[in-house]
Amino acid sequence: MSPGTYAVLALVLVLLVVHVSWTAGRLDRLHARVDAAWAALDAALVRRAAAARAAVQHLPARAPQTAALEQAAAAALQGGPVEREGVENDLSAALRAALPLLPEDGSAAVRAELRTAATRVALARSFHNSAVADSRVLRGRRLVRLLHLAGHRVLPQHFDMDDDVDQALRSAG
Amino acid sequence: MRIGLVCPYTWDVPGGVQAHVRDLAENLLALGHDVSVLTPVDEPHAPDLPPWVVPAGRAVPVPYNGSVARLCFGPLSLARTRRWLRDGRFDVLHLHEPTVPSVSMLAMWTARGAIVATFHTAMSRSRVLQVFATVLQPGLEKLTGRIAVSAAARRVIMEHLGGDAVLIPNGVQVSRFAGARPLPLAGPQPTVVFLGRVDEPRKGLAVLLEALPELVRLVPDVRLLVAGPGDGEAVRAQLPRELRARVELLGLVAEADKASVYASADVYCAPNTHGESFGIVLLEAMATGTPVVASDLEAFRRVLEDGRAGVLVGVRDAAALAAGLGALLQDPARRAALVEQGRRVADGYDWSTVTQAVVEVYETVVAPTPVEVDEPATEDDPGALRRLLAQLTGRVPT
């Protein structure tokens with residue numbers, strides 16, 4: 001091979017190495033974004049569970065919905081990644097069932113906190129799932145899989161849950 | 001919070017995105033936040049430039065999305081963007097239209113941290129986005145929170161860029177419009193107002209002018225006020241001679257006088273043909289207390305609540321437009337009912353509500369450390385190359 005061919009090969013190699021390094025940087029950044037987004041979502045879910053537990057005090061003590069909400073809030077506050085989606089779905093359902101029982105008087109603060117907490121969950125979940133989607137697109141690229149650029153990081157998962165308690169909050173005032 | 005806003009379009013040229021950024025900045029300041037806006041500015045020494053605006057250089061006109069966008073891109077703008085980011089130490093960086101080649105995109109490429117982006121555009125098939133999605137992706141990956149101002153804009157994001165965005169509609173500063181006085185030149189004749197660039201086809205002035213002869217037949221003393229930049233004489237030349245006296249061309253109207261223009265109208269007309277992501281002009285008219293006749297575009301239908309808060313007519317349908325305007329001008333009771341509905345709708349989009357929603361987004365993405373700048377490699381810090389060598393040798397980059 002002529003020296004010219006070697007030069008071209010060397011240039012291609014350098015460009016490839018730069019590209020790989022740049023992709024690895026992108027992956028790192030995306031992983032950091034997923035971690036931060038999950039932390040925000042986790043905090044939002046905890047805040048919602050705490051708001052639900054606070055709402056229990058204002059509900060009629062004997063209603064079955066009250067006991068169900070208390071139980072669902074306690075389960076959500078217990079945390080742990082296991083079955084998190086299911087636990088949060090149960091809390092959404094319990095909130096929807098219990099909110100119409102909230103008395104008109106004296107529950108404005110509880111209602112406002114529940115509404116804010118529910119909004120935060122929806123926002124944090126949207127941002128988390130966008131981060132996961134971006135991350136999964138890059139992780140699916142041939143180059144990334146071939147060179148194991150993601151290392152030992154597990155593939156991030158979407159957090160799917162039913163977070164629609166807004167409707168119940170609005171009809172409850 | 002320390003908030004850095006970036007507006008990609010020239011600050012001193014009127015436009016929807018500029019107005020949105022200005023109103024957002026003023027409302028955030030009123031809530032006690034620290035706000036700085038980086039944007040291209042034509043007249044950096046103009047006395048009315050707010051102190052919180054940081055000029056990023058002059059912009060050059062480029063045709064984009066059926067109109068002329070003035071964009072700002074280059075080494076000087078990049079250097080100013082870096083300096084602004086470094087000096088600002090923002091808790092949150094909020095970019096507007098980061099897919100437009102201007103300072104928002106430069107900031108997206110150079111910043112690291114809590115970055116929110118608002119997407120305003122709602123082209124159903126944006127060729128620019130389709131072609132450049134791959135090129136843009138590494139930059140868009142850095143956005144931690146995405147906001148769309150309309151359902152249509154959100155769909156563009158989901159189709160072309162992947163991922164999701166939260167929907168926060170545009171705001172209208174109701175207090176600026178409610179109770180505005182009509183212009184001195186407004187007379188007792190029934191008046192229709194059009195507001196927008198006269199030479200921008202998608203704003204639809206041509207459809208309104210086509211409807212004018214029929215409208216004059218229905219309402220003989222009707223008058224048309226046209227407010228907006230562009231070649232007014234060319235517009236006048238298109239009109240039949242006998243109709244020229246009925247059309248008053250006001251030219252570019254100062255932002256402060258817009259409310260008075262709406263207030264001078266018995267009916268506000270928005271004959272737009274396409275490309276509207278959100279009906280902010282309709283909301284402004286409604287906040288002023290002026291009933292609206294608008295094209296049946298998705299964005300307008302949403303704001304007008306399927307016709308409950310305003311009259312919708314077929315897009316590019318001059319006959320229907322004339323009929324709709326004529327009927328409303330002749331029916332004071334219907335106008336009064338629409339004014340009331342319009343005020344109710346506008347209140348729901350007041351900036352106080354919208355700003356609160358945006359702050360909730362900031363609070364969701366805010367990180368313990370402020371937004372940083374990706375520095376270019378220097379002799380002291382070989383940057384990318386050093387990190388690469390570290391990776392290849394298995395060492396953790398420092």
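To find a chain, count down the sequence lines: A is the first, B the second, and so on, and within it residues start at 1. Both backbone and side-chain heavy atoms feed into the values below; hydrogens, waters and symmetry mates do not.
- When each of B:Ile147, B:Ile168, B:Val361 is paired with A:Leu123, the side chain to side chain contact (heavy atoms under 4.5 Å, CB included) condition holds for B:Val361 and for no other.
- Interface check for chain A: of the options B:Gly145, B:Pro138, B:Ala114, B:Ala357, the most heavy-atom pairs under 4.5 Å are formed by B:Pro138.
- Between the CD atom in B:Glu363 and the OG1 atom in A:Thr119 there is a gap of 11.5 Å [rounded to 0.5 Å].
- Residue A:Leu138 touches chain B through its side chain alone, counting heavy-atom pairs closer than 4.5 Å.
- In B:Arg89, the CZ atom is not crowded: 12 or fewer heavy atoms of neighbouring residues, nucleotides or ligands sit closer than 6.0 Å.
- The number of heavy atoms from other shown groups lying within 6.0 Å of CD (B:Gln341) is above 12.
- The side chain to side chain contact (heavy atoms under 4.5 Å, CB included) with B:Thr364 is formed by just one residue from the set A:Arg125, A:His128, A:Arg120; it is A:Arg120.
- Within a 6.0 Å sphere centred on CZ of A:Arg53, other residues, nucleotides and ligands contribute 12 heavy atoms or fewer.
- Rounding to the nearest 0.5 Å places CZ of A:Arg29 at 6.5 Å from CD of B:Glu141.
- Pairs of residues two or more places apart, or lying in two chains, that qualify as side chain to side chain donor-acceptor pair (under 3.5 Å) and include a residue from residues 41-51 of chain A are A:Asp42-A:Arg84, A:Arg47-A:Glu113, A:Arg48-A:Glu88, A:Arg48-A:Ser92.
- Of the atoms belonging to A:Ala36, not a single heavy atom falls under 4.5 Å from chain B.
- More than 12 heavy atoms of other residues, nucleotides or ligands lie within 6.0 Å of CD in B:Glu305, so this atom counts as buried by the packing criterion.
- At a 4.5 Å heavy-atom cutoff, the contact between B:Val365 and chain A is made by side-chain atoms alone.
- Partner A:Ser130 forms a side chain to side chain contact (heavy atoms under 4.5 Å, CB included) with one of B:Val166, B:Asp164, B:Leu140, B:Ile157 and no other, that one being B:Asp164.
- Between the side chain of A:Arg33 and the backbone N or O of B:Leu143, at least one donor-acceptor pair lies under 3.5 Å.
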